[in-house]
Every structure is written in structure tokens, then in C-alpha cells.
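This report concerns only the one structure given below.
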Amino acid sequence: MGDFGSDGSSSMSVVMYPWLAFGHMTAFLHLSNKLAEKGHEIVFLLPKKALDQVKPLNLYPNLITFHTISIPHVKGLPPGAETNSDVPFFLTHLLAVAMNQTRPEVETILRTNKPDLVFYDSADWIPEIARPVGAKTVCYNTVSAASIALTLVPAAEREIIDGKEMSAEELAKPPLGYPSSKVVLLAREAKTLSFVWRRHEGIGSFFNGKVTAMRNCDAIAIRTCRETEGKFCDYIESQYNRPVYLTGPVLPVDEPNKTSLEPRWADWLAKFKPGSVVFCAFGSQPVVDKIDQFQELCLGLETTGLPFLVAIKPPSGVSTVEEALPEGFQERVRGRGVVYGGWVQQPMILDHPSVGCFVSHCGFGSMWESLMSDCQMVLVPQHGEQILNARLMAEEMEVAVEVEREENGWFSRRSLEDAVKSVMGEGSEVGEKVRKNHDKWRCVLSDSGFADGYISKFEQNLTDLVKS
Ligand SMILES: O=c1ccn([C@@H]2O[C@H](COP(=O)(O)OP(=O)(O)O[C@H]3O[C@H](CO)[C@@H](O)[C@H](O)[C@H]3O)[C@@H](O)[C@H]2O)c(=O)[nH]1
């Protein structure tokens, strides 16, 4: 147990066990850094394979200790699978089965460490093993409050009987009392969510697991702020009858000694006029499945006539982005357009003076980073949760433009070009409106006390919870 309450010191001891996906592990680690900054000790549980990638993000090695967990093999998973990057999306439920089998090991760790708090998001059995050692539990959510409010509250319960899929219209219906008519999904978009309610042998549905995880914790935490998602947080609180604590965006702090942009991008970007380059990035996972949709994205950027830099994983079926480029594309855009399949320093590129527009898949991390930047924003969300983030930005906050899609879900080069031009064109009314609104939000969010204020309040919430 931490020193909490025993010798008057207020340091808490925390165990974190996030879902076995990099997006979740890194978000939990950024929060760990914030808690360690305030002097709290964290034991961070993660699979062996994730250690190398996550370790460099630890800014307080004296206070944050990694403890690797053996992820057992489950029939049907690729050999050696330990994280979501080893597992195709349709087998994710088997990774959840494997995570469930780590319960005895985690139980031993809790008995030994006797923490004040345990943070988790998907291992719904954590409260059962944390309570006997006197620890309080926090279910920490790294996706938007809107996406939880729409799909993962008790009122959103739906039954998929005998594997029969529900209609898209049924899936798209918001739960009773859902607080927005704008942050919603169209029927065709909701189809991508049917996996939420699908039952799997031995584990039930993702929906049931998540609702159990949220119902049984002592407090729910969400990586968001009241200013952007207050009404969704209130709705979640009323649905679960649990306190909801907000951490604010918890953006990564620049790694020490790594604060400059790679010269190849810095030099390339420096060739262009301030605010003229379109930067396009689609997150840490492959999201554009189809080669022809990938090509449409490239062609749309080409036809804007603007300089552009794209950082994107290759689409399914090819191993490099070069193989997937449209014919003659590289020759046509030479000198003003680059498509790159590797990792770039996104926050630094968004900060570069030459970059004026960000075309994003609207993952929740990118959403916060783009709000903090002064780039115009064009959104091309790929599935359910990203679509809701995009609606929040485009419809509620009116800070971005979403690329129009056709009935079959396809976006054309033309719709991408139109969206980019609508925010980049001189004198464009839409461009002016989103820029003005974005400026207002950036002022609020980047105020020096804003993020710190959230973390201090969050720390206070945790302290009160531990004392209760
Ligand atoms: O070349 C790259 C690609 C990504 N990033 C960073 O990686 C993070 C990506 O996070 P995010 O925008 O949330 O996208 P995903 O990696 O796609 O995140 C997954 O997890 C998110 C929740 O954490 C969900 O909102 C998304 O839908 C889901 O795809 C951001 O900090 C980016 O700055 C880079 O720095 N360089």
C-alpha cells in the first residue's frame, strides 16, 4: 500500500492494467506520467512484447515500474499473439479470452503490492480481485465520451439472437435519453458497430464485458473534458450511477532529447509557403482497407494542387504504400507531394509553420492534437467511434469539415478535394467559420492552466476516492 493516510504523506500507489492494444497502453502511460509527476507510484502491467515500444514513453522510471504479464496462447490466435497488432480485428475476442486467463497472475501482483488504486478498461474482473486487497478501482476510458454514451451504456443494450444480425437502422438508433441529435451515426455507418453486441463463446459480447467493467468499478474516468463533452459525461454518470472523473486530454509531453522534427521533413516542409501544406495522417493502425479507396485519397490530394505530405499504413493486400499508389502518381506530384508508409512525428508536423491543413481519420488522440494546432481540419473517419469524433468536431463544435461519402460509404477524390478547398480556399465562408471557432477552442484548451487544472482535479478525485 502507498503511504497514503499512514504517515500523513499523500502519495498513492497505483496498478494499471490496460487493454492489450497500443492505443490504450500509451494513453494509460501518459496518464501514469501525469500521476508520477505528482509523486504517485505506478506499477504498469503489460505484455512482454509491448515493453520495448512503451518503455521509452516512461518519463518517471523511478516511480513507474513495468511488470510484464505472460499472455497465454488461446486456440485460434496466431502463435505468440500478445497485443492487438498481432491479431486480426475479427479475432479480437480471443485476445480478450487470453487476457481473462491472466487473472491469477494479476491477483498475485495485487496481493503483493496492495495498491490504493487499480486502473483498467476491459478486464472486467479487476474489481473482484482488487476489493479483497482494499484497493479502489477506476475504469479508465481512452475513447470519446460520445462513443461510450451512444453504444456502451445499459440503455444501449441490444440482443443479437442466434447470430442473426440486427438491421442497420436498429443499430443506429441512439439509446433513450442520449443527449445529442448531431453526434449520431447514419444507418450505413452503424453497421460497423454490430461487433459490439455479437456474442462469443466463453466470453459473451464486448458490450456485456464493457458494461460489467463500468458497473463494477468504484469510479469511471474518461480522457476528455467538460467543455467539449460535458453532456455525454453527465449521461454516462446517470446511466451507471457511478462518479465520472475527467482527466482532460492528457497529451503526451515531448520526449526529452527528441524535440526537433526529423531533418528530412523539416527541410522538405521549409520549401513551401506558410500555411500552404496539407498534412494527412490516419493514426497508428492500418485503417484504409481498400486499395481503390487509398488511391482515391491520393488522387484527391493531387487535384487540390496544394503541396501535401501523407503518413499512412499500406492498405490490405500490399506491404508498402508505394505498391498501392495510382499509376503515374509519383511523377505527377514530384516536388510537391509525398506519401510515406512509416512513422512521422505528427504533433511536430502539425506545429510546422508551412502546414496549414490536417486531413485526419479522427482517432481520439489525433482529434486532441489537431484541436491544439492551428491547422484547418478535414475529417475522413473510417469507423464508428471515429465517425462520432468527427461529428463532434464538425457538427457540434463546428471546427472542422467532414468529407462527404456516397450511399455505399465510398468517398471520391472530388469530395476530398472539395473539403480541402472549402477550408483552404481564400475567402471561403466555411473556411472562415471553422477557423474562427477553432481559434476559440484552441485558446480555451491551450490555456496554461487548462490541462493542469484537469489533472489536479483528477488527483483530488482519486484522493477522495481512496479515503472514502
Ligand atoms: O505516423 C504517425 C502516426 C500516428 N502518430 C501518433 O499516434 C497517435 C494516434 O492516435 P489516434 O489518433 O487516437 O489514432 P489510432 O492510433 O488510430 O487510435 C486508436 O485508438 C483511439 C483511442 O485511443 C481511437 O480513437 C481510434 O479510433 C483507434 O484507431 C497520435 O498521438 C499521433 O500523433 C504519430 O505520431 N505518427
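The residues of the chain are indexed from 1 along the displayed sequence. Start at 1 and go down the list; that is how both ligands and their atoms are numbered. The basis for the numbers below is simple: all heavy atoms, side chains too, and nothing from hydrogens, waters or symmetry mates.
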[atom]: nearest protein contact (heavy atom, Å):
| atom | value |
| --- | --- |
| atom 34 (C) of ligand 1 | W343 CZ2, 3.1 Å |
| atom 20 (O) of ligand 1 | G23 CA, 4.6 Å |
| atom 16 (O) of ligand 1 | S284 OG, 2.4 Å |
| atom 26 (C) of ligand 1 | E385 OE1, 3.5 Å |
| atom 13 (O) of ligand 1 | G365 N, 2.9 Å |
| atom 1 (O) of ligand 1 | V344 N, 3.1 Å |

**Prompt:** Any heavy atom of Q382 sitting closer than 4.0 Å to ligand 1?
**Reply:** no
**Request:** For A281 and ligand 1, answer yes if some heavy atom of the residue is under 4.0 Å from a ligand atom, otherwise no.
**Result:** no
**Message:** Taking the side chain as everything from C-beta on, heavy atoms only, tell me whether L185 gets closer than 4.5 Å to L193.
**Reply:** yes
**Prompt:** Taking C-beta and beyond as the side chain, do S456 and K38 meet within less than 4.5 Å on heavy atoms?
**Reply:** yes
Do you see a protein non-hydrogen atom under 4.0 Å from [atom]?
| atom | answer |
| --- | --- |
| atom 11 (P) of ligand 1 | yes |
| atom 6 (C) of ligand 1 | yes |
| atom 18 (O) of ligand 1 | no |

Counting the benzene-type ring for Trp, do [X] and [Y] have ring centres under 6.0 Å apart?
| X | Y | result |
| --- | --- | --- |
| F195 | F89 | yes |
| F279 | F308 | no |
| W265 | Y340 | yes |
| F66 | F44 | yes |
| Y454 | F458 | no |

**Prompt:** Closest heavy-atom contact between W125 and R103?
**Reply:** CB-NH1, 3.2 Å
Ligand 1 N/O within reach of [X] N/O, cut-off under 3.5 Å:
| X | result |
| --- | --- |
| H383 | no |
| K313 | no |
| M367 | no |
| P347 | no |
| E369 | yes |
| V143 | no |

Below 4.0 Å, non-hydrogen atoms only: which portion of [X] touches ligand 1? Side chain, backbone, both or neither.
| X | result |
| --- | --- |
| H24 | neither |
| R223 | side chain |
| Q346 | both |

Looking at [X] and [Y], does any basic side-chain N land under 4.0 Å from a carboxylate oxygen?
| X | Y | value |
| --- | --- | --- |
| E396 | K231 | yes |
| R226 | D234 | yes |
| K290 | E296 | no |
| R332 | E302 | yes |

**Item:** Which of the ligand 1 atoms, numbered from 1, are nearer than 4.0 Å to a heavy atom of F364
**Value:** 13 (O), 24 (C), 25 (O)
**Message:** Distance under 4.0 Å to a non-hydrogen atom of Q386: what atoms of ligand 1 satisfy this?
**Reply:** 26 (C), 27 (O), 29 (O)
**Message:** Can you check which of Q345, H361, M25, M348 brings a heavy atom nearest to atom 15 (P) of ligand 1?
**Reply:** H361
**Main-chain N/O of M393 paired with E395 side-chain donor or acceptor, under 3.5 Å** = no
**Message:** Please evaluate residues F28 and Y17 with respect to the criterion ring pair (Phe, Tyr, Trp, His ring centres under 6.0 Å), reporting the C-alpha separation (whole Å), side-chain torsions for both, the decisive distance (0.1 Å), and the verdict.
**Reply:** CA-CA 8 Å; F28 271 63; Y17 192 26; 9.4 Å; no
